[in-house]
**Student:** 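The following block contains the structure, expressed as structure tokens.
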Amino acid sequence: MLASLFPKFQEHINDNFPFLKDAKLLIAISGGLDSVVLTHLSYKLGLNISLAHCNFNLRGAESDADETFVLELAETLDVEVFLESFNTSEYASEQKLSTQLAARELRYHWFEELANTFNFDYILTAHHADDNLETFLINLSRGTGLDGLTGIPSVNGKVVRPLLNFSRADLETYAQEEHIAWREDSSNASDKYVRNQLRHHVVPLLKEINPEFLQNFNKTQEHLKESQLIIEDQIDDILEHVADEISPNHIQFNIEKLKSLSNPKAYLYQVFKEYGFSNWNDMVALLDAQTGKQIFSKDYVLLRDRERLILSEISKSEGKTMGIEASQLGTEIITDLGIISMGLVGEISDATKDTIYVDKDLLNFPLTVRPWKKGDYFYPFGMQGKKKISKLLKDEKLSLRTKENIYLLCSGPDVVWVINLRADNRFKVTKTTKQILKIKLC
């Protein structure tokens with residue numbers, strides 16, 4: 001049965017990954033059994049492959065020997081190969097990561113760079129059924145939701161894993177029968193890592209108890225994935241009921257509708273897990289928290305604002321200032337807020353929050369667009385005297401997250417416009433104005 005691995009692989013590609021046959025593929029190859037067999041199978045199938053090997057410099061001469069092996073394999077098969085050397089230990093220390101996580105980050109970032117630079121359609125990795133089982137057991141031991149039990153995805157963006165249906169025993173038997181050489185990583189023999197402990201002690205015992213354990217596990221995972229699809233459909237229906245998108249980066253959720261669900265905590269988990277939130281007790285507490293309470297994930301903030309929760313992406317460009325030259329008048333200027341257009345007009349139409357009219361001759365170029373900061377003030381249009389920006393934002397009853405994303409259009413040190421809120425009186429159009437400048441945010 002195991003001798004028929006190639007026709008099984010060919011059938012598996014035809015049935016489940018037909019898009020790979022006409023694609024430009026990059027295979028992540030370590031030199032170990034799994035990735036070497038994947039390379040040979042893909043080559044024999046006639047797929048358009050190149051190889052990418054990372055030298056993490058963690059095992060001295062052994063790491064260098066792996067690199068040499070991959071280079072020689074690429075020459076034998078006459079396929080393109082990319083090699084990269086990393087100071088993994090230094091990166092792990094700088095980023096405060098474990099060595100394993102550091103290596104994972106480094107290699108996937110590099111694979112993505114290669115794919116973008118050289119137009120690879122997909123990145124193939126050699127994860128197999130035993131890897132999937134080990135990942136399941138690791139997640140199970142740490143406590144996980146359904147996502148952690150459904151295992152390694154066969155397709156995740158550009159990353160494709162075509163060997164997940166095959167066991168390590170399948171790959172090893174094929175390599176031996178085809179006289180395929182590979183490199184053994186000495187660290188795989190160590191019990192230092194949890195995965196190796198499971199591989200050496202737990203999984204063999206499970207297979208001894210039931211020789212069909214791996215096959216049955218694969219069937220169980222298929223059932224879990226089917227259940228997950230049902231849950232995802234239910235969540236989509238719930239989101240239509242409780243959520244409204246108010247902009248591409250802001251979604252609001254009706255608190256009363258969330259609280260009326262049969263199990264709010266379970267639904268909160270399913271809705272917000274993809275945004276990186278993990279403290280579900282804090283999430284539930286947010287439903288009854290005071291206005292202004294916030295919780296954060298790495299890339300998002302969830303704000304309690306009166307009768308709703310507001311989910312916002314944390315801006316990566318906060319604090320940046322950009323200049324607008326006089327030569328840009330009549331063109332569209334891209335900013336963090338959107339597109340600002342500035343052009344001379346003959347008369348004033350109705351001004352709105354997103355459109356103002358000013359006396360061009362009162363401006364000093366370049367104008368600047370920057371986030372507001374504590375202590376900023378302006379002279380509100382139509383009023384006498386100055387007002388702090390912070391007081392304006394309070395009077396407007398803006399949420400905390402919205403306040404954090406207020407920008408100013410400035411002429412020198414003076415505020416011309418609290419963008420999308422209020423113009424400054426000092427630059428207003430009067431009877432003596434010779435050039436009327438219309439400024440609009442799209």
Side-chain angles (χ1 to χ4, degrees), residues 244-253 275 290-324 328 332-342 350-358 362-428 437-442:
D244 293 304
E245 184 174 85
I246 53 179
S247 80
N249 295 323
H250 299 266
I251 305 173
Q252 63 182 22
F253 301 83
Y275 299 104
Q290 293 182 341
T291 295
K293 175 69 174 178
Q294 302 175 88
I295 59 175
F296 295 85
S297 68
K298 180 181 178 182
D299 298 313
Y300 291 86
V301 58
L302 190 63
L303 167 74
R304 166 67 193 251
D305 186 54
R306 300 180 178 85
E307 303 305 318
R308 58 188 181 171
L309 300 181
I310 300 178
L311 176 73
S312 302
E313 188 173 6
I314 298 173
S315 173
K316 301 296 186 302
S317 56
E318 289 177 359
K320 289 188 176 180
T321 299
M322 69 168 293
I324 300 174
Q328 293 177 278
E332 293 183 335
I333 302 108
I334 299 174
T335 74
D336 294 331
L337 297 179
I339 297 174
I340 292 179
S341 61
M342 295 186 179
D350 290 338
T352 61
K353 285 188 173 182
D354 64 8
T355 304
I356 65 169
Y357 297 84
V358 299
L362 297 177
L363 300 174
N364 291 315
F365 287 88
L367 305 180
T368 55
V369 177
R370 65 168 176 83
W372 78 281
K373 59 181 183 292
K374 189 175 181 180
D376 281 332
Y377 66 89
F378 77 127
Y379 291 77
F381 182 81
M383 293 179 57
Q384 297 296 320
K386 65 182 181 181
K387 184 174 187 174
K388 285 189 174 182
I389 302 294
S390 57
K391 181 66 166 61
L392 170 70
L393 303 185
K394 182 177 181 181
D395 291 345
E396 291 285 332
K397 297 182 178 179
L398 303 179
S399 70
L400 291 178
R401 188 62 194 159
T402 302
K403 290 177 185 178
E404 291 173 2
N405 285 291
I406 295 297
Y407 280 66
L408 308 177
L409 177 68
C410 300
S411 171
D414 299 325
V415 174
V416 177
W417 185 21
V418 183
I419 298 178
N420 256 5
L421 283 179
R422 197 81 172 266
D424 191 290
N425 201 56
R426 292 170 291 180
F427 301 91
K428 69 182 179 181
L437 184 64
K438 177 182 178 181
I439 306 174
K440 180 178 178 64
L441 175 72
C442 298

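The basis for the numbers below is simple: all heavy atoms, side chains too, and nothing from hydrogens, waters or symmetry mates.
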**Student:** Would you please name every residue forming a side-chain hydrogen bond (donor to acceptor under 3.5 Å, both in side chains) with N364, sequence neighbours left out?
**Tutor:** none
**Student:** How many angstroms lie between CD1 in I295 and CG in L303, if you round to the nearest 0.5 Å?
**Tutor:** 10.5 Å
**Student:** From Q290 CD over to R306 CZ, what is the distance, rounded to the nearest 0.5 angstrom?
**Tutor:** 13.0 Å
**Student:** Identify, with sequence neighbours excluded, every residue that meets side-chain hydrogen bond (donor to acceptor under 3.5 Å, both in side chains) alongside K386.
**Tutor:** none
**Student:** Might you point out which heavy atoms bring G385 and P380 nearest each other, and give the distance in Å?
**Tutor:** O-CD, 3.6 Å
**Student:** Please list, chain by chain and in numerical order, all residues satisfying side-chain hydrogen bond (donor to acceptor under 3.5 Å, both in side chains) with N420, sequence neighbours excluded.
**Tutor:** none
**Student:** Quick one: CG on D376 to NZ on K388, what's the gap to the nearest 0.5 Å?
**Tutor:** 10.5 Å
**Student:** Would you say F378 and L392 make side-chain contact, with heavy atoms under 4.5 Å?
**Tutor:** yes
**Student:** Could you tell me which non-hydrogen atom of V415 sits nearest to which non-hydrogen atom of F427, and how far apart they are?
**Tutor:** O-CE1, 3.5 Å
**Student:** About how many Å separate CG of D424 and SG of C410, when rounded to the nearest 0.5 Å?
**Tutor:** 9.5 Å
**Student:** If you count heavy atoms of other groups shown closer than 6.0 angstrom to CD of E307, is the number above 12?
**Tutor:** no
**Student:** Find out whether L302 and Y275 are in side-chain contact, i.e. whether some heavy atom of one side chain is under 4.5 Å from a heavy atom of the other.
**Tutor:** no
**Student:** Please examine the side chains of I324 and P366, heavy atoms only from C-beta on, and report whether any two atoms are closer than 4.5 Å.
**Tutor:** no
**Student:** With a 4.5 Å limit on heavy-atom distance, are the side chains of L421 and L393 in contact?
**Tutor:** yes
**Student:** Any side-chain heavy atom of L437 sitting closer than 4.5 Å to one from M342?
**Tutor:** yes
**Student:** Between R308 and D244, is the closest basic N to carboxylate O distance under 4.0 Å?
**Tutor:** no
**Student:** What residues form a side chain to side chain contact (heavy atoms under 4.5 Å, CB included) with K374, not counting sequence neighbours?
**Tutor:** none
**Student:** Listed by chain and number, what are the side-chain hydrogen bond (donor to acceptor under 3.5 Å, both in side chains) partners of K394, not counting sequence neighbours?
**Tutor:** none
**Student:** Which pair of non-hydrogen atoms, one from P371 and one from Y407, has the smallest distance, and what is that distance?
**Tutor:** N-CD2, 3.6 Å
**Student:** Can you tell whether the side chains of D395 and R422 come within less than 4.0 Å, N to carboxylate O?
**Tutor:** no
**Student:** Test side-chain contact (heavy atoms from CB on, under 4.5 Å) on W417 and L441 and set out the steps.
**Tutor:** CA-CA 11 Å; W417 185 21; L441 175 72; 4.1 Å; yes
**Student:** Identify, with sequence neighbours excluded, every residue that meets side chain to side chain contact (heavy atoms under 4.5 Å, CB included) alongside Y357.
**Tutor:** V345, I348, S349, A351, T355, V429, I436, K438
**Student:** So L309 and R304, do their side chains get closer than 4.5 Å, heavy atoms only?
**Tutor:** yes
**Student:** More than 12 heavy atoms of other residues, nucleotides or ligands under 6.0 Å from CZ of F381: is that the case?
**Tutor:** no
**Student:** Could you measure the distance from the CD1 atom of I251 to the CG atom of L311? Nearest 0.5 Å is fine.
**Tutor:** 5.5 Å
**Student:** Side chains of L408 and V418: does their closest heavy-atom pair fall under 4.5 Å?
**Tutor:** yes
**Student:** How many angstroms lie between OG in S411 and CG in L362, if you round to the nearest 0.5 Å?
**Tutor:** 8.5 Å
